[in-house]
K.L.:
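Can you keep this structure in mind? I'll have questions shortly.
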Amino acid sequence: MPEPASSAPTLAGPDALPKTYDPAGTEARWQQAWESSGAFHPDPGPRAHAFSVVIPPPNVTGSLHMGHAFNTALIDTIVRFQRLQGRNVLCLPGTDHASIAVQTILERQLKAEGGSKDDLGRDAFLERAWAWKAESGGTIVGQLRRLGYSVDWRRERFTLDPGLNKAVVEAFLRLHEQGLVYRGEYLVNWCPASGSAVSDLEVEMKEVEGHLWHLRYPLTPLPEQGAAAGAGAAAGASEPEPPIDHLVVATTRPETMLGDTAVAVNPGDPRYAALVGRTIELPLVGRRIPIVADPHVDPAFGTGCVKVTPAHDPNDFAIGQRHGLPQITVMAKDGTMNEAAGRFAGLDRFEARKAVVAAMEAEGLLVKTEPHRHSVPFSDRGKVPVEPLLSTQWFVRAEPLAARCRGALEQGEPRFVPERWSKVYRDWLTDIRDWCISRQLWWGHRIPAWFVVSETGGVITEATPYVVARHEAEARAKAEAQFGAAARAAGRPLQLEQDPDVLDTWFSSGLWPFSTLGWPGEDGQEPADLATWYPTSVLVTGFDIIFFWVARMTMLAGAFLQEGEEPAGGRDSWMPFRDVYIHGLVRDENNRKMSKSAGNGIDPLLLIERYGADALRFALVREVAGAGQDIRLDYDRKSDTSATVEAARNFANKLWNATRFALMNLGGETPASLGEPIAAALEREGRPLQLADRWILARLARVNRETAERYGSYGLGEAAKGLYEFAWNEVCDWYVELIKRRLQVSGELEGAARTAALADQRTARQVLAKVLSELLVMLHPLMPHLTEELWHGVHGVAFEASADGSADTPGEQAEAGSLASGPPGSAAASAFLALQPWPTLDEAALDGELEEAFAALIEAIRVVRNLRAVAGLKPAQPAPVQFISGREPLAALLRQATPEITALTRAASVSVLTPAEAEAARAAAGPQRALAGVSGELQVLLPIDGLVDLDALRGRLEKDIAKATKEIQGLAGRLANPNFAGKAPPEVVAECRANLAEAEAQAELAKRRLAELG
RNA sequence: GCCCGGUUAGCUCAGCGGUAGAGCGCCUGCCUUACAAGCAGGAUGUCGCUGGUUCGAAACCGGCACCGGGCACCA
């Protein structure tokens, strides 16, 4: 093992650290250190101090995509901030078994191998599924770690693991006891591809170009003529119309006609009123079916006649219920026609469609075929049209659960961020339909129901009685109690068979916020984790699963975390989360949602390898300023690069170098050894805070306050942007530049001058150390690895930590480019930046006036630089600078900052004059050729006769004049309006006047200078 | 049909009553001993259209157009 290079933290020499930040080693090292020290393993404690998040468990369907990285970045930023705030933070990770998705993948694999799940058998199939889970789950967990997720891996859960299964069984049982789970035969969405029922939510309507076939259905002839023919009011007064002998119906699914059991017309439709009650001879089938009147039929659409197929269409099903029509199923579960379809039996449903149309045409019953664009329900997973099919399934009665949630929402629970999503949630909970939860799949939670098959000849039928139980023994006991005696009397031993089906994945996901915390617990004892961390503080997820997941969680929590009217366990709410932070989706460069199936996903690992996890995180979070909005990630597929992430990487590099600069200039000291820069104390010591110090400390305090406020209220993008600007545009661009002169005490100084310079140097060092250190803390939630590394560098913690030899340190620690020589041992775990307190806000440092004044100073320097650039002065060419200002605060500031101005503008000299002094000088010496610029009321002159490009100067002045003139026109126009002066607030009017005066002064100055150029 | 968003610089987006901002890109000049993944300077917009409210509208209200999304769905 290489020696934990004692040279690495020798930060004084410029050679100690490379010029560019290399994230790979740093990130791996800290991930390892955080984990091995248990930094993110909280213990249960008082609820008051707790903060908890359960992560949305990714499906074990392969690997993570950018959406997960985005979600992770947001959650981790939030929980890391809360940790810095001193909360007892639990962030609980896990994965979801994704029943149908995983089964689909496995079946596809088997098919490719020439087999099928039925060849394999249920047990072997499940074995294979678990092997898949191990692999995919491992990949995903590895990716989450790579992002630096500060979760408690000890508490990692999988929706199919034993603890969660216990919760699922318990939930099913209790819902069943409450009558909220029932079994029955209904029309469900059947996915022929996966051979299972799916819920309404798993169906996606797609517009397709289809046909509308008009079919002629002959009426059954009346036994005797005339009786009913003239009875209809429609016939009117005139000639009796020829008697109607058929109806025409239109359909998009002709094959379903084989299951027709009626034709319906609107009850108010005069054309057909007389026919209601008569019958039709169903073509191809020969069945005699009634004509019924039902308000569902729109008389204006098509012919106003609708064929009714109760077993194959939801609307028809409802009509059938109203009229007591038989339900004839003509299709099998694999999407082929069954025996009831007569000669069409065995044909695939789409083949049958063609065959039925052909047959009707052959019989002269096809009236016409129209192209017709309409919506067809497709299965989300199977990607084929779903078939409404009658079958016996388990359902959750949704309305009572939804009602509780609607009630809670009226009380503001949960709080949606952004608020508008609450409406989407509420609307879905209104007029909700029952939830079909059984799936004809193998991979999932087996339904805890046992059929007493001995009661129905050894097979499961719709009529077979069942018991719901926690396990087979309990089922047997229950069955024995209910059916035992009768069965013995009848001489047939009780025979049980567990329901072969599994539960909808979302049933187990719906329990996630409490099942992961130990619900339902043992023997009625409340689990400690549940007591501490339920309700969770916030759920962070995409808007696309508000119905699937968010609403299911609130509904199920309402069933279990409530005792009577009160939340269980003495909590203040049964809701699984206080806030729901809804974010958008990550879209690709063409604004398409990134998804695996669309093939446009970007592997987060690719970007992490190129730019670092911190850069990716920062880039993603920075993009979310308008929360709830989708984010578009630019990406060049040819080169696997992203300008957005690259910019974040550059920021990381900027921080690296700022720290490098500090370490080279702090003389080996740390914030602790330097001590806090306290204004009063420094004053007493005769080395007071300088202007720039006070300014940056004022800015630091304000940024501290703003950032904490933003992090705490889901303004993560704004927090990121604010810190970026502060770090780069203020700390680096100005503060560091301003103090360079003070940090480098010249060796030529002697005696008292040297003592004073060294004292002032210490002041600057103190401020720099404080600003940098606190900046790193504030940035930590966004860029955890880099800040952890730099913070250790600044604080010199690495020295102490490496002193013990770090027995378990991996070899890579000593690599070049690491600030810390190694992660601290467990004893030093609390020395992690991740576990530091948020910097105390220094209220006294806040100074709005100073910030404003300093902004003016910066602007003045900018004007000088601009003038120099316009005049084409060489960067190194010194030039005198003259400021003319009548405003004392600024003038004083300029005088005070003369050394800084000199350094930052390459000034040969700096003088600050009042307008009167300037006039006097002018009168004495005559006009001088000079560059002139204006910033507010401040005039800036660079008297550099002979050095300048006169044409460029003229151009510049003419531009100034034009600009000022335009401004004068606008402002004067406003002031000329009597209503403005009368109605606008006085301060606005005053500001307007001041601006006008300044603009006029600017124009005049520029004109004068132009004239003086000759 | 119902309900949400969006339309601002070449691109991605902030701003949400006081006469336009950032990042990237672009142009000019700089290897200034923290950083060329950088520094300094610069250019760039009838703020979708149209009425209205207001002293004042990118912002508030009405209408329209276009783009995106969700829900429901008539055979």
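Below, chains carry the letters A, B, ... as their sequence lines are ordered, and counting in each starts from 1. The analysis underlying the following values was restricted to heavy atoms, covering all of them including side chains, and did not include hydrogens, waters or symmetry mates. Everything numeric in this text was worked out from a predicted model, so none of it was measured.
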K.L.:
Judged by atom type as modelled, is there a donor-acceptor pair below 3.5 Å linking the side chain of Glu27(A) to the main-chain atoms of Ala613(A)?
P.N.:
yes
K.L.:
Answer yes or no: side-chain N or O of Lys423(A) and base N or O of C4(B) forming a donor-acceptor pair under 3.5 Å.
P.N.:
no
K.L.:
Can you work out whether Thr252(A) or Glu725(A) has the more 5'-proximal nearest nucleotide on RNA chain B?
P.N.:
Glu725(A)
K.L.:
Tell me if a side-chain donor or acceptor on Asn657(A) pairs with a main-chain N or O of Asn653(A) at a distance below 3.5 Å.
P.N.:
yes
K.L.:
Give a yes/no on whether any side-chain N or O of Asn657(A) is located under 4.0 angstrom from OP1 or OP2 of A37(B).
P.N.:
no
K.L.:
Counting only side-chain N and O atoms of Asn650(A), is one of them less than 4.0 Å from OP1 or OP2 of C35(B)?
P.N.:
no
K.L.:
Looking across every strand, which nucleic acid part, if any, lies under 4.0 Å from His214(A) by heavy atom: base, sugar-phosphate, or nothing?
P.N.:
nothing
K.L.:
Contact between Val306(A) and Asp298(A) at the side-chain level, heavy atoms closer than 4.5 Å - yes or no?
P.N.:
no
K.L.:
Given that Ser375(A) and Asn995(A) both sit by RNA chain B, which one's nearest nucleotide is further toward the 5' end?
P.N.:
Asn995(A)
K.L.:
For atom P, what is the distance between C35(B) and G6(B), given to the nearest Å?
P.N.:
44 Å
K.L.:
Is the base of A37(B) touched by the side chain of Arg649(A) through a donor-acceptor pair closer than 3.5 angstrom?
P.N.:
yes
K.L.:
Is any side-chain N or O of Lys740(A) closer than 4.0 Å to OP1 or OP2 of U33(B)?
P.N.:
no
